[in-house]
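Everything quoted here is computed from the prediction, not taken from an experiment. To find a chain, count down the sequence lines: A is the first, B the second, and so on, and within it residues start at 1.
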Amino acid sequence: MRRAFMEERYDAGSIEGKWQTRWEQDKTFKAQEDGREKYYLLEMFPYPSGRIHMGHVRNYSIGDVVARFKRLQGYNVLHPMGWDAFGMPAENAAIQHGTHPGKWTYENIDNMRAQIKKMGFSYDWDRELATCHPEYYRWEQLIFLKMFEKGLAYKKSSFVNWCPECQTVLANEQVENDACWRCGTEVEQKELEQWFFKITDYAQELLDDTYKLTGWPEPVLTMQRNWIGRSTGCEIDFPVVDSDVKIKVFTTRPDTLYGATFMSLAAEHPLASGLASADCKAEVEAFIARVRAQDKIKRTSDDFVKEGVFTGSYSINPVNGRRIPIYLANFVLMDYGTGAVMAVPTHDQRDFEFADKYGIPKVVVIQPEGEVLDPASMTEAWTGSGTLVNSGPFDGLDNETAKDKIAAYLEEQGVGSKTINYRLRDWGVSRQRYWGTPIPVIYCPQCGPVAVPEQELPVLLPMDVEISGEGGSPLAKHQAFLQVSCPTCGADARRETDTFDTFVESSWYFARYTCPRFDQGPLDRAAVDHWLPVDQYIGGIEHAVMHLLYARFFTKVMRDLGLVSQDEPFKNLLTQGMVCMETTSCPEHGWLYPEQVVAGKCTLCGATAKTGRNEKMSKSKKNVVDPDQLIASYGADTARLFSLFAAPPEKDLEWNEQGVEGCYRFLNRVWRAVYDNLERISGVAIPTSAEGAARDLRRQVHRTIKKVTEDIDGRFHFNTAIASVMELVNAIYGFEQRDEHPGCMREALETLVRLLTPFVPHMCEELWVCLGHQGGIEAAGWPTWDEAALVEDKKTIVVQVNGKVRGKIIVAADADDDTVQQAALEEGNVVRFLEGKTVRKVVVVPGRLVSIVAS
RNA sequence: GCGAGAGUGGCGGAAUUGGCAGACGCACUGGAUUUAGGAUCCAGCGGGCAACCGUGGGGGUUCGACUCCCCCCUCUCGCACCA
């Protein structure tokens, strides 16, 4: 091997630029379908806010280690990047700075692409997509049309947060203290016609399949299961006295049915107003108006008082004929169950308090074991198990059995049925926003809502709009967009002006990456079948429910539309922790940026800066580090290395400048290790065995290969992988026989460089050339370890006496248990501790320790 | 309130199956080198003079527990009148 020229000093800047250009020119990371085993690695794509932050650096560094590792192992890796490009911030920027949302977004994408490229991630940039591009959203519109055809997309009326000043719907997070975040006007609950996706049709499958997602973190699955919120129970019809009307209630406790002494309805219940008797009418109407005016935030706050109103009407408990009063109650929700509840004060705490407040009688129907409940002396409801009493033919049954028996009886009598209820609601996707995918629907005065014909897609989002920030969506004022003739009857009609929730775009982008330029449909079946599912998905825990649930739902819908074959989109999921940093503040100037603090003083006024707690990096708290500055000072490799070394990926990462310096120092150490030995190892071959100290070095080299391989593969413990490579570097520095064994030195150095490639690829490519190789380190593949090199001929065995370490012995690795035991009992210090005692028991754990019990 | 996760040196973190607690890094200390500082290299670094004590606290199982079981405390996250 020839000796290449090598700089003495590590210069990240020049190396990184050089290799990034090379990778781009050679299309090193282009994914093509071929015979190799595929591996689809995906990180959650970013919203193009303008600049990348440390969370991105961490997310994509983690992903890049896995992508490069799998590629080195010979997998055909798909590793794409793109932009979640629709959304409100673009409109807000337009309002504030007068820039068009499109211009703002595309400029941001250009900035962020450049920043990401400076990190040297191994993306196939030929597959880049942006969701605001018509070639993307046109296919989303088509999927919507198919869903509309199948009844999976439908329109219904629902209550939303509405700002009367801005004339628009507000998301929950845009409501601050019941007021609009922008203009401060009090938010109203407004009933609006909205488009919904029928995710509830898939509730059961979405729940069941969580048990198949063995590669997902358990907390995420739990959150999804809780969100879906399946509960089993009964629907029971209660006839209303002096009326043909029946009220259907949902209960999970049919075993308490005989104890129902009143009924409560949601204020929004369609029968609420009609049930009011003449003398209760005024009070009932006032109550309904009051409850409706309360927004959801107020209704769920701590100081919310449970209250209700008697309607004046009664219903009949179908099993015992008891006449029970019907109330309206503000804690009964219209959108769960049937909006009507049979109330059992003795066995439900809310009903208990309600009954006390309004003087409603209580009947005990479940007696717990070893206790006798008396309604008169009870201070709270009994919600545990027990035996049925006061329940006619069901007396004496335990309540779990009674649930089934009573349910069966109700079905037999035709007054009720077993049902399953879900907390999950259909997904409202309409947004009265401009910067989003237009919903491809036309409203005809004759035909009602009509789908835009497929051949007329895409419904393009017009670019020539005025964004004033007042008076709702600009689309509603755009005559050329608005006016259209009905595709069915040709009459003058009007386009839908709402756009999709941006979660719709992120629900199928992972599939589009497999065929981003396909122009015959949303997805090229051959490509999706080849690449899906995503083998490893990586992103923040904040998407545990919404995005991940919607993407799972969409995958099932696309399957049922014949677009994909998979049931689930993401085989394995890694949720990475947040990037945190210490906060600092000045009594005078509030939060301070790190560079505003010098020697513990505020640079603005000289006051002593106060160090606050560690919190998620955020602009508002000013505890941020700019990736560009980090790259400028240390290089991308150092930035990558630190974000991988400081903590395991799923935990929060505490950013710390000194830790970054430590990583930079380590890379310099690696560089110098190669530089200092280059002449020595020039032209030397790597041996397949060694003796003495050289053998120890060789053993450590191969042990490190094993450790790093196993730490990356599946375990994602990059911090420990890096730590073991640091140990190898320490061993290389400490290897005194470097002149006698240059071949072992070469093996150690080459292995070091190859093992670090997924973490710090620029430096490793450069060092690989310095070591005399051509063709790029990608071609070298991932090193494998030699089992023979791992074998030790001597082992250190720990000797415990009564559970405490009392000595260590060195024995031959193949020594049998008796020999080891004998040696242990003869060890000097052990003998001292055994003096005057009798050995009762000896446990020998081969290759590890000997435990002696003595008394 | 319900559900989930976590608690280890001055700090970030190791310990993969119940087997030497504290790998690796940071900070700190000492030494070498240097006119000096920085950089670098080498060494030390849980507490205690010691016997010993140490993984949030208390109990248990075991020859042996950071690891398994029971009770308690603290923190983080998610859901929250879900009938």
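Taking 90° from 0 as the syn/anti boundary, the base of B/G9 is oriented syn.
Per the geometry, CD belonging to A/E582 stands 15 Å off P belonging to B/A27, to the nearest Å. Straight-line distance from the CZ atom of A/F331 to the P atom of B/A80: 18 Å, rounded to whole Å. Distance, A/N656 CG to B/G13 C1': 12 Å, rounded to whole Å. For the pair A/K616 NZ and B/U76 C1', the computed distance is 14 Å after rounding to whole Å. Whole-Å rounding puts the A/E661 CD to B/G12 C1' distance at 15 Å. One interatomic measurement links the two molecules: CE of A/M578 to P of B/C77, which rounds to 7 Å at whole-angstrom precision. At whole-Å resolution of the value, CG in A/N226 and C1' in B/C77 are 13 Å apart. With rounding to whole Å, A/Q658 atom CD is found 20 Å from B/C24 atom P.
Taking a pair to require two hydrogen-bonding distances under 3.5 Å in either a Watson-Crick or a G-U wobble arrangement, B/C20 remains unpaired. The nucleotide B/G54 finds no pairing partner, because no Watson-Crick or G-U wobble arrangement with both distances shorter than 3.5 Å includes it. In this entry B/U35 has no Watson-Crick or G-U wobble partner, no candidate having both defining distances under 3.5 Å. Under the Watson-Crick or G-U wobble criterion, with both distances below 3.5 Å, B/G44 is paired with B/C28. When both pairing distances are held under 3.5 Å, B/G7 makes a Watson-Crick or G-U pair with B/C73. Remark: B/A83 base-pairs with no nucleotide; criterion is Watson-Crick or G-U wobble with both hydrogen-bond distances under 3.5 Å.
A/F666 comes within contact range of no nucleotide atom at all, as no heavy-atom separation falls under 4.0 Å. Heavy atoms of A/R425 sit nowhere under 4.0 angstrom from any nucleic acid atom. When heavy atoms are screened at a 4.0 angstrom cut-off, A/N421 is found touching no nucleic acid atom at all. Residue-level contact check: A/D348 touches neither bases nor backbone, having no heavy atom under 4.0 Å from any strand.
B/U8 and B/U40 have their P atoms separated by 31 Å, given to the nearest Å. With both ends at atom P, the span from B/G58 to B/A14 equals 25 Å, rounded to whole Å. B/G31 and B/C75: their P atoms are spaced 45 Å apart (whole Å). Here, B/A27 and B/U74 have their P atoms 36 Å apart, quoted to the whole Å. Nucleotides B/U29 and B/U16 have their P atoms positioned 34 Å apart, rounded to a whole Å. Spacing between B/G59 and B/U76 at atom P, rounded to whole Å, works out to 28 Å. Straight-line distance between the C1' atoms of B/C28 and B/C11: roughly 11 Å, to the nearest whole Å. Rounded to the nearest Å, the gap between the C1' atom of B/G37 and that of B/C77 is 48 Å.
The closest side-chain donor-acceptor pair between A/T200 and A/D426 falls under 3.5 angstrom. Using a 3.5 Å distance cut-off with no hydrogens or angles, the side chains of A/N668 and A/R665 do not pair a donor with an acceptor. With 3.5 Å as the limit, one finds no donor-acceptor pair spanning the side chains of A/S385 and A/N399.
Taking only side-chain nitrogens and oxygens, A/R253 never comes nearer than 4.0 Å to OP1 or OP2 of B/C82. Under 4.0 angstrom from either OP1 or OP2 of B/A14 there lies at least one side-chain N or O belonging to A/N719. Within the structure, every side-chain polar atom (N or O) of A/R225 is placed at least 4.0 Å from both OP1 and OP2 of B/C79.
Partners of A/T584 under the side chain to side chain contact (heavy atoms under 4.5 Å, CB included) rule, at least two apart in sequence or in another chain, are A/L592, A/V597, A/T611.
With B/A4, B/G13, B/C26 as the choices, the nucleotide that has an atom nearest any side-chain atom of A/P219 turns out to be B/A4. Checking B/A23, B/A21, B/G3 against the side-chain heavy atoms of A/E727 singles out B/A23 as nearest. Here B/G78 is the nucleotide among B/A14, B/C52, B/G78 with the atom lying nearest to any side-chain atom of A/M223. Closest to the side chain of A/K804, out of B/C82, B/C63, B/C53, is B/C53. Distances were taken from every side-chain heavy atom of A/A723 (C-beta onward) to each of B/A14, B/A83, B/A23; the shortest belongs to B/A23.
Remark: the backbone N or O of A/G308 is paired with a side-chain donor or acceptor of A/Y358 at under 3.5 angstrom.
Here A/W655 and A/F642 bring their ring centres to under 6.0 angstrom of each other. With ring centers used as reference points, A/F645 lies 6.0 Å or more from A/F718.
A salt bridge is defined here as a Lys NZ or Arg NE, NH1 or NH2 lying under 4.0 Å from an Asp or Glu carboxylate O, and A/K418 with A/D404 meets this definition. In summary, A/K362 and A/D356 engage in a salt bridge, as defined by a charged side-chain N under 4.0 Å from a carboxylate O. Salt bridge present: A/E307 and A/R290 bring a charged side-chain N and a carboxylate O closer than 4.0 Å. Classification of A/R680 and A/D739 as a salt-bridged pair holds, one side-chain N sitting under 4.0 Å from a carboxylate O.
Remark on RNA chain B: of its neighbouring residues A/K808 and A/G339, the 5'-side contact belongs to A/K808, judged by nearest-heavy-atom nucleotide. Mapping A/I722 and A/L653 onto RNA chain B by nearest heavy atom places A/L653 at the nucleotide closer to the 5' end.
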Next on the checklist: Test side chain to side chain donor-acceptor pair (under 3.5 Å) on A/E7 and A/Y675; report intermediate values, then the result.
Outcome noted: CA-CA 8 Å; A/E7 294 285 348; A/Y675 182 83; over 6 Å; no
Give each protein N/O atom lying under 3.5 Å from an N/O atom of nucleotides 15-19 of chain B, with the pair distance.
from: B/A15; atom 1: OP1; to: A/R715; atom 2: NH2; distance (Å): 3.0
from: B/U16; atom 1: O4'; to: A/R715; atom 2: NH1; distance (Å): 3.3
from: B/U16; atom 1: O4; to: A/K707; atom 2: NZ; distance (Å): 2.7
from: B/G19; atom 1: N2; to: A/Q800; atom 2: OE1; distance (Å): 3.4

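Other residues, nucleotides and ligands contribute at most 12 non-hydrogen atoms within 6.0 Å of the NZ atom of A/K246.
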Checklist outcome for this item: The contact string for nucleotides 38-46 of chain B, one letter per nucleotide 5' to 3', using protein heavy atoms under 4.0 Å with B, S and - for base, sugar-phosphate only and none, comes out as --SSS----
